[in-house]
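Below: the structure, in structure tokens.
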Amino acid sequence: MTDKPGPSGAPRRMRADAQRNGDALIKAARAVFDTSGVDAPAKEIADLAGVGVGTLYRHFPLRSDLVKAVVESGIDACAAAGPQLSAVHEPGEALAEWLRRYTEFLGTKRGLAPALHSGDPAYEALPGYFLEKVGPTLTALLATAAADGAVRDDISAHDLLYAIANLCMPVPGEGPEYNQRMVALLVDGLRTPRQGVSSGTSRPSPA
């Protein structure tokens with residue numbers, strides 16, 4: 001993220017302390033929204049982030065700005081996790097672990113539903129942002145796992161994203177653990193017969 005261009009025309013990078021404050025506010029907001037709801041007081045978020053309320057409003061003038069930043073941060077983390085997992089796990093296990101993390105992200109997002117479904121135009125671009133960031137990550141993980149023979153090759157990233165989203169719909173009397181169990185069953189159903197149930201085997205590090 002950059003500030004306005006300076007006199008020379010070259011953009012100035014946001015000061016490191018301002019970037020840290022912004023990141024801290026997003027992390028704090030995610031935690032506060034999870035426990036106190038999306039309408040939690042600004043002071044509760046600022047206090048947890050270790051900054052003043054004025055700093056919060058300088059970064060996020062509207063509550064919708066903060067909610068949008070929290071969602072985008074979760075999407076970015078999901079996208080970044082793909083290559084990281086591929087580096088330390090066999091293809092089938094990298095895919096399974098990524099799908100577990102995606103399920104966790106959907107569970108976190110559940111607490112933001114009142115805001116995201118409010119019709120506020122600030123959130124209109126989020127579905128497109130999600131598919132742009134997460135779609136290629138899952139496509140790569142799925143293709144690599146299928147080429148390795150770890151999972152069946154007749155399902156697309158689009159299929160998986162929406163199947164898991166449906167499995168993560170709230171169920172009366174059940175919490176996020178229930179959704180994780182349902183997704184685990186789906187993941188086991190993706191595996192080819194030689195793979196069987198997840199073993200959690202990591203790829204050995206090079207000598």
Side-chain angles (χ1 to χ4, degrees), residues 1-5 11-85 97-135 137-138 161 164-180 183:
M1 185 173 180
T2 59
D3 293 328
K4 293 180 180 178
R12 300 193 304 265
R13 290 191 63 81
M14 176 183 283
R15 292 174 302 143
D17 59 339
Q19 182 67 61
R20 283 194 297 270
N21 287 341
D23 292 343
L25 283 164
I26 291 172
K27 182 179 179 180
R30 185 183 301 115
V32 170
F33 290 162
D34 188 49
T35 57
S36 302
V38 75
D39 295 319
K43 188 175 186 307
E44 185 178 352
I45 297 169
D47 287 349
L48 184 59
V51 301
V53 174
T55 298
L56 188 157
Y57 284 122
R58 279 196 298 274
H59 281 270
F60 307 105
L62 302 175
R63 180 57 59 105
S64 59
D65 296 328
L66 183 55
V67 172
K68 182 170 176 282
V70 168
V71 175
E72 287 181 344
S73 174
I75 292 171
D76 291 344
C78 272
Q84 295 166 359
L85 292 169
E97 176 62 20
W98 189 90
L99 292 173
R100 186 188 67 78
R101 294 192 187 190
Y102 171 55
T103 303
E104 287 181 348
F105 165 68
L106 292 180
T108 300
K109 197 174 128 182
R110 183 185 298 178
L112 304 178
L116 297 177
H117 298 159
S118 66
D120 190 320
Y123 309 127
E124 288 178 356
L126 284 175
Y129 185 85
F130 170 79
L131 291 175
E132 177 187 347
K133 294 284 187 175
V134 172
T137 295
L138 179 53
L161 288 175
I164 292 176
N166 286 329
L167 287 174
C168 288
M169 295 292 288
V171 175
E174 300 288 353
E177 297 81 8
Y178 176 84
N179 302 117
Q180 285 284 4
V183 171

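In this text the structure is predicted, and so the values were computed from the model without any measurement.
Residues passing the side-chain contact (heavy atoms from CB on, under 4.5 Å) test with Leu167, sequence neighbours excluded: Met182, Val183, Leu186. In this structure Arg58 satisfies the side-chain contact (heavy atoms from CB on, under 4.5 Å) test together with Thr55, sequence neighbours excluded. Shown here are the side-chain contact (heavy atoms from CB on, under 4.5 Å) partners of Ala165, two or more places apart in sequence or in another chain: Tyr102, Leu106. Asp47 is linked by a salt bridge (charged side-chain N to carboxylate O under 4.0 Å, His left out) to Lys43, counting only residues two or more places apart in sequence or in another chain. Every side-chain contact (heavy atoms from CB on, under 4.5 Å) that Ala24 has, sequence neighbours left out, goes to Ala49.
Judged purely by atom type and a 3.5 angstrom limit, Asp65 uses its side chain to pair as donor or acceptor with the backbone of Leu62. Remark: the backbone N or O of Phe33 is not paired with any side-chain donor or acceptor of Ser36 at under 3.5 angstrom. Side-chain atoms of Trp98 come within 3.5 Å of backbone atoms of Cys78 as a donor-acceptor pair (strictly under, hydrogens ignored).
Residues Arg63 and Val38 come closest through the heavy atom pair NH1-O, 2.7 Å. Contact record, Ala79 with Thr137: O-OG1, 3.2 Å, taken as the closest heavy-atom pair. Ala42 and Leu56 get closest at one heavy-atom pair: O-CD1, 3.6 Å. The two atoms that bring Leu25 and Ala46 nearest to each other are CD2-CA, 4.3 Å, heavy atoms only.
Between atom SG of residue Cys168 and atom OH of residue Tyr178 there is a gap of 11.0 Å, rounded to the nearest 0.5 Å. Expressed to the nearest 0.5 Å, how far CD of Glu177 lies from OG1 of Thr103 amounts to 12.5 Å. To the nearest 0.5 angstrom, Lys68 atom NZ is 11.5 Å from Leu116 atom CG.
The closest side-chain heavy-atom distance from Val71 to Phe130 is not below 4.5 Å. Residues Leu66 and Ile45 form a side-chain contact, since some pair of their non-hydrogen atoms from C-beta on lies under 4.5 Å apart.
Within the structure, every pair that satisfies the side chain to side chain donor-acceptor pair (under 3.5 Å) test and touches residues 118-133, not counting sequence neighbours, is listed here: Asp76-Tyr129.
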List the steps, then state whether side-chain contact (heavy atoms from CB on, under 4.5 Å) holds for Leu161 with Leu131. CA-CA 9 Å; Leu161 288 175; Leu131 291 175; 4.3 Å; yes
Dump the intermediate steps for side-chain contact (heavy atoms from CB on, under 4.5 Å) on Ile75 and Phe105, then the final yes or no. CA-CA 8 Å; Ile75 292 171; Phe105 165 68; 3.6 Å; yes
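Between Glu104 and Arg101 there is no salt bridge, since none of the side-chain N atoms of the basic residue sits less than 4.0 Å from a carboxylate O of the acidic one.
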